[in-house]
Amino acid sequence: MTRRTHAGGCHCGAVRFEVDADLDAGAVLDCNCSICRMKGYLHLIVTADAFRLLQGSDALVEYRFGTRIAVHRFCRTCGVHPFYTPRSHPDGVDVNARCLDDVRIAQLTIETFDGADWENHVQSIRTD
């Protein structure tokens, strides 16, 4: 396991964060639910202690829908969605792998997740 610290943020730079993750150990998820499909989000779900918001809490806007459990966050200036609190892991953080500075998407292992049928598939990504 090679857990590294990866820096990331939004397009305009108002939001910056760090996340500790081993991108070689597991896949990021490409979800086909209505919001992830439209955003092009690639999910890297980590524990809350592996994520640090360095700047931009005041630049983030929240969006909730459906059950209102997931807290989607995006930059009020550029509109990019760098991370959020997922419904599947409400005590964790879901980082958009596309927002990591040092990561080439083509080098990641990407698995599909059928979020369009979330209730029947969520157990496949939960660790509890």
Side-chain angles (χ1 to χ4, degrees):
M1 180 167 145
T2 309
R3 191 168 157 165
R4 294 185 38 217
T5 299
H6 302 275
C10 67
H11 188 261
C12 72
V15 177
R16 296 295 301 163
F17 64 86
E18 290 180 339
V19 62
D20 300 326
D22 182 0
L23 294 174
D24 297 324
V28 295
L29 301 174
D30 183 9
C31 177
N32 68 348
C33 79
S34 61
I35 195 166
C36 294
R37 179 177 46 81
M38 290 181 181
K39 288 193 294 187
Y41 206 99
L42 287 179
H43 301 265
L44 172 62
I45 302 171
V46 298
T47 58
D49 65 338
F51 178 85
R52 293 167 300 286
L53 180 60
L54 303 176
Q55 72 182 42
S57 61
D58 57 335
L60 292 168
V61 178
E62 292 184 0
Y63 172 66
R64 297 176 188 230
F65 69 98
T67 63
R68 305 188 63 74
I69 296 170
V71 183
H72 297 267
R73 293 180 178 86
F74 60 96
C75 174
R76 73 173 67 246
T77 303
C78 65
V80 168
H81 298 84
F83 65 91
Y84 78 105
T85 304
R87 180 176 162 199
S88 63
H89 297 76
D91 295 329
V93 178
D94 191 338
V95 173
N96 186 350
R98 294 185 188 279
C99 292
L100 297 174
D101 298 340
D102 62 346
V103 173
R104 293 177 47 143
I105 300 303
Q107 295 176 335
L108 295 176
T109 301
I110 300 173
E111 291 180 4
T112 58
F113 173 71
D114 189 3
D117 190 15
W118 193 86
E119 296 294 339
N120 288 320
H121 293 97
V122 68
Q123 287 305 324
S124 68
I125 61 170
R126 283 196 172 143
T127 55
D128 55 342

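Residues: numbered from 1 along the sequence shown.
Counting only heavy atoms from C-beta outward, the side chains of Val93 and Phe17 never approach each other to under 4.5 Å.
Of all heavy-atom pairs spanning Cys78 and Cys75, the tightest one is N-SG, 3.5 Å. Gly56 approaches Val15 most closely through the heavy-atom pair O-CG2, 3.9 Å. In plain terms, the two heavy atoms of Ala50 and Val46 that are nearest each other are CB-CB, 4.0 Å.
Counting only residues at least two apart or in different chains, salt bridge (Lys or Arg N to Asp or Glu O under 4.0 Å) contacts with residues 41-54 comprise Glu18-Arg52, Asp20-Arg52. Among residues at least two apart or in separate chains, there is no side chain to side chain donor-acceptor pair (under 3.5 Å) pair with a member in residues 54-70. Note on residues 26-36: pairs passing side chain to side chain donor-acceptor pair (under 3.5 Å), not counting sequence neighbours, are Asn32-Asp114.
Checked against side-chain contact (heavy atoms from CB on, under 4.5 Å), Ala48 has no partners two or more places apart in sequence or in another chain. By the side-chain contact (heavy atoms from CB on, under 4.5 Å) test, Arg4 pairs with Thr2, His6, Asp102, sequence neighbours left out.
Between atom CD of residue Glu111 and atom SG of residue Cys31 there is a gap of 13.0 Å, rounded to the nearest 0.5 Å. Here the straight-line distance linking atom CG of Leu100 with atom CZ of Phe83 works out to 12.5 Å at 0.5 Å rounding. The CG atom of Asp94 sits 10.0 Å away from atom CG of Leu42, with the distance rounded to the nearest 0.5 Å. Atom-to-atom distance recorded for Ile45:CD1 and Tyr84:OH is 6.5 Å, nearest 0.5 angstrom. Note that CG of Leu60 and OG1 of Thr77 are 10.0 Å apart. Values are rounded to the nearest 0.5 Å.
Residues Ile69 and Ile35 are members of separate hydrophobic clusters, defined by side-chain heavy-atom contacts under 4.5 angstrom among Ile, Leu, Val, Met, Phe, Trp and Tyr. Residues Leu44 and Leu108 are members of one and the same hydrophobic cluster, defined by side-chain heavy-atom contacts under 4.5 angstrom among Ile, Leu, Val, Met, Phe, Trp and Tyr.
Other residues sharing the hydrophobic cluster of Val71, ordered by chain and number and joined by side-chain separations under 4.5 Å: none, the residue standing alone.
Defined by atom type and a distance below 3.5 Å, a donor-acceptor pair is missing between the side-chain atoms of His81 and Asn96.
Aromatic ring centroids of Phe74 and His72 lie 6.0 Å or more apart.
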Mind running side chain to side chain contact (heavy atoms under 4.5 Å, CB included) on Val28 and Ile105 for me, showing each step along the way? CA-CA 10 Å; Val28 295; Ile105 300 303; over 6 Å; no
Could you give me the CA-CA distance, side-chain angles and deciding distance for Thr85 and Arg73, then say whether side chain to side chain contact (heavy atoms under 4.5 Å, CB included) is met? CA-CA 8 Å; Thr85 304; Arg73 293 180 178 86; 2.9 Å; yes
